Asker: 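Here it is, the structure in full.
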2 protein chains.
Amino acid sequence: MLSSIIFYSLDKAIRQYRKMAQANIDRAGIAITIDQWLVLRVIQEHDDLTQTDIAERVFKDQASVARMISLMLKSGLLAAEPLPHDGRRNRLRVSEKGLRTLDAVQPVVLSNRQVALEGLSEADLAVMRPLLERIYSNCLAGAEPTPEPIQNRTALNATTQPQ
Amino acid sequence: MLSSIIFYSLDKAIRQYRKMAQANIDRAGIAITIDQWLVLRVIQEHDDLTQTDIAERVFKDQASVARMISLMLKSGLLAAEPLPHDGRRNRLRVSEKGLRTLDAVQPVVLSNRQVALEGLSEADLAVMRPLLERIYSNCLAGAEPTPEPIQNRTALNATTQPQ
DNA sequence: TAAAGATGTATGATATATCATTGAAGTTGC
DNA sequence: GCAACTTCAATGATATATCATACATCTTTA
């Protein structure tokens, strides 16, 4: 039974939460995705992070963050200016529009959390948090190296893969 | 603090689990994604579902499932034959290759779960499950209808969106 | 300081996610 | 038996996820 598998329940809960959260943001007439919102928040709080730093904090991939930032620059939520001491980077700032958007989203986000957690006590969350953290750290360590020395990773993507 | 928000922990845990799970499947030399695996399992157990049915069971979108099925037909994990009594549909079957793949994946999946849940008791899971279900059902109900009668959804995607 | 190495960003390729729409094919109501 | 409705699958558009690579730019080291 799928429902007995905890990862299925986890996935289901977080997906539905994201769906509800985005729907309520949309309904409020605010043009931002929840993922973008998270990145914007991080940039607001620390304006001298690399994309890799940001990615780590929001638990996303550097490539994803790069694309999100590029979209947010295009949509005007972010502004960039070159960093004098490092030619590879830009300093990212939340724009005026970005600030207004963050303000507008804030109450929606709080309300979303409240709705999602209705009927759960602080004690419930206190129980759940360390369990989730434990799963996380287990999985962090759990990509065990194979006994075989050399792995043919390329073959995995070949369409002629034997199985 | 992001870490105090339960949804962040949830997201982090499930993401890392998926990452580990896929890495271990890759490492075993098996050419399937965990999402495809889930769909394949459902089709194996019920060979007369519509894509919408399948989507519901794996908690995905019909459009996603349609694309996954199309990929799995291409890669040979699935086979399709037209259904005589309904010209819109095909009967989907797990192919020989699909069966072999499922067999190969099974032990990896079990091992992944074991690794991920190390240090968690059955009691822990029994506590967590209903909480997750509660979050899910809260969120299912939580996309509250707006008081305003008409919503201009199109405007949300416009680049000229005022904020 | 030149070469080697590390870091930061961008991007290609592919898979999934979501919403919306289309068009074909069933079903219902009359 | 036809019109209206519903269902099913496919697909366009856009966003995210992941891996890999490319390229520029720093940093170290010999």
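Remember, predicted model here, so these are calculated numbers, not experimental data. Chain identifiers are assigned alphabetically (A, B, ...) following the order of the sequence lines, protein sequences preceding nucleic acid strands; residue numbering begins at 1 within each chain.
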Asker: Closer than 4.0 Å, any side-chain N/O of K60(A) to the OP1 or OP2 of dA17(D)?
Answerer: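 K60(A) to dA17(D) OP1/OP2: side-chain N or O found under 4.0 Å.
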Asker: How many whole angstroms separate atom CZ of F59(B) from atom P of dT16(C)?
Answerer: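 Computing the F59(B):CZ to dT16(C):P distance gives 17 Å.
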Asker: Can you sort out the partners of D11(B) under side-chain hydrogen bond (donor to acceptor under 3.5 Å, both in side chains), two or more places apart, ordered by chain and number?
Answerer: R15(B)
Asker: By the ring pair (Phe, Tyr, Trp, His ring centres under 6.0 Å) test, which pairs, at least two apart or in different chains, include something from residues 88-111 of chain B?
Answerer: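 Passing the test, one end in residues 88-111 of chain B: no pairs.
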Asker: Round to a whole Å and report the spacing from CE of M20(B) to P of dC19(D).
Answerer: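 In whole Å, dC19(D) P and M20(B) CE are 14 Å from each other.
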Asker: Roughly, in whole Å, what's the span from CG in D11(B) to C1' in dA17(D)?
Answerer: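 Atom CG in D11(B) sits about 12 Å away from atom C1' in dA17(D).
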Asker: Look for any protein N or O under 3.5 Å of an N or O in nucleotides 6-12 of chain D and output each such pair with its distance, or none.
Answerer:
from    : atom 1 : to     : atom 2 : distance (Å)
dT7(D)  : O2     : R88(B) : NH1    : 2.3
dA9(D)  : OP2    : Q51(B) : N      : 2.6
dA10(D) : OP2    : Q51(B) : NE2    : 2.8
dA10(D) : N7     : Q62(B) : NE2    : 3.2
dA10(D) : N6     : Q62(B) : OE1    : 3.2
dG12(D) : N7     : R67(B) : NH2    : 2.6
dG12(D) : O6     : R67(B) : NH1    : 3.2
dG12(D) : O6     : R67(B) : NH2    : 3.3

Asker: Tell me the interatomic distance from W37(A), atom CH2, to dT16(D), atom P, rounded to whole angstroms.
Answerer: 14 Å
Asker: Which atom pairs, one a donor and one an acceptor, fall under 3.5 Å between side chains of residues 116-128 of chain B and the rest of the protein, sequence neighbours left out?
Answerer:
from    : atom 1 : to      : atom 2 : distance (Å)
S121(B) : OG     : A123(B) : N      : 3.3
S121(B) : OG     : D124(B) : N      : 3.0
S121(B) : OG     : D124(B) : OD2    : 3.2
E122(B) : OE2    : R129(B) : NH2    : 3.2
D124(B) : OD2    : S121(B) : N      : 2.9

Asker: Whole Å only: how far is the CZ atom of R15(A) from the P atom of dA17(D)?
Answerer: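 So the CZ-P distance, R15(A) to dA17(D), works out to 12 Å.
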Asker: Suppose we screen for side-chain contact (heavy atoms from CB on, under 4.5 Å). Which residues come up paired with R113(A), at least two apart in sequence or across chains?
Answerer: Y17(A), W37(A), V109(A), L110(A), I5(B), F7(B)
Asker: Round to a whole Å and report the spacing from CD of Q22(B) to P of dT18(D).
Answerer: 10 Å
Asker: Can you tell me the distance, in whole Å, between the CD1 atom of I32(B) and the C1' atom of dT14(C)?
Answerer: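 Rounded to the whole Å, the gap is 16 Å.
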Asker: Please tabulate, for side-chain N and O atoms in residues 62-72 of chain B, each donor-acceptor pair with protein atoms closer than 3.5 Å (sequence neighbours left out).
Answerer:
none

Asker: Rounded to whole angstrom units, what separation is found between the NZ atom of K19(A) and the P atom of dA15(D)?
Answerer: 19 Å
Asker: Give the minimum heavy-atom separation between G98(A) and L40(A), together with the two atoms involved.
Answerer: O-CD2, 3.9 Å
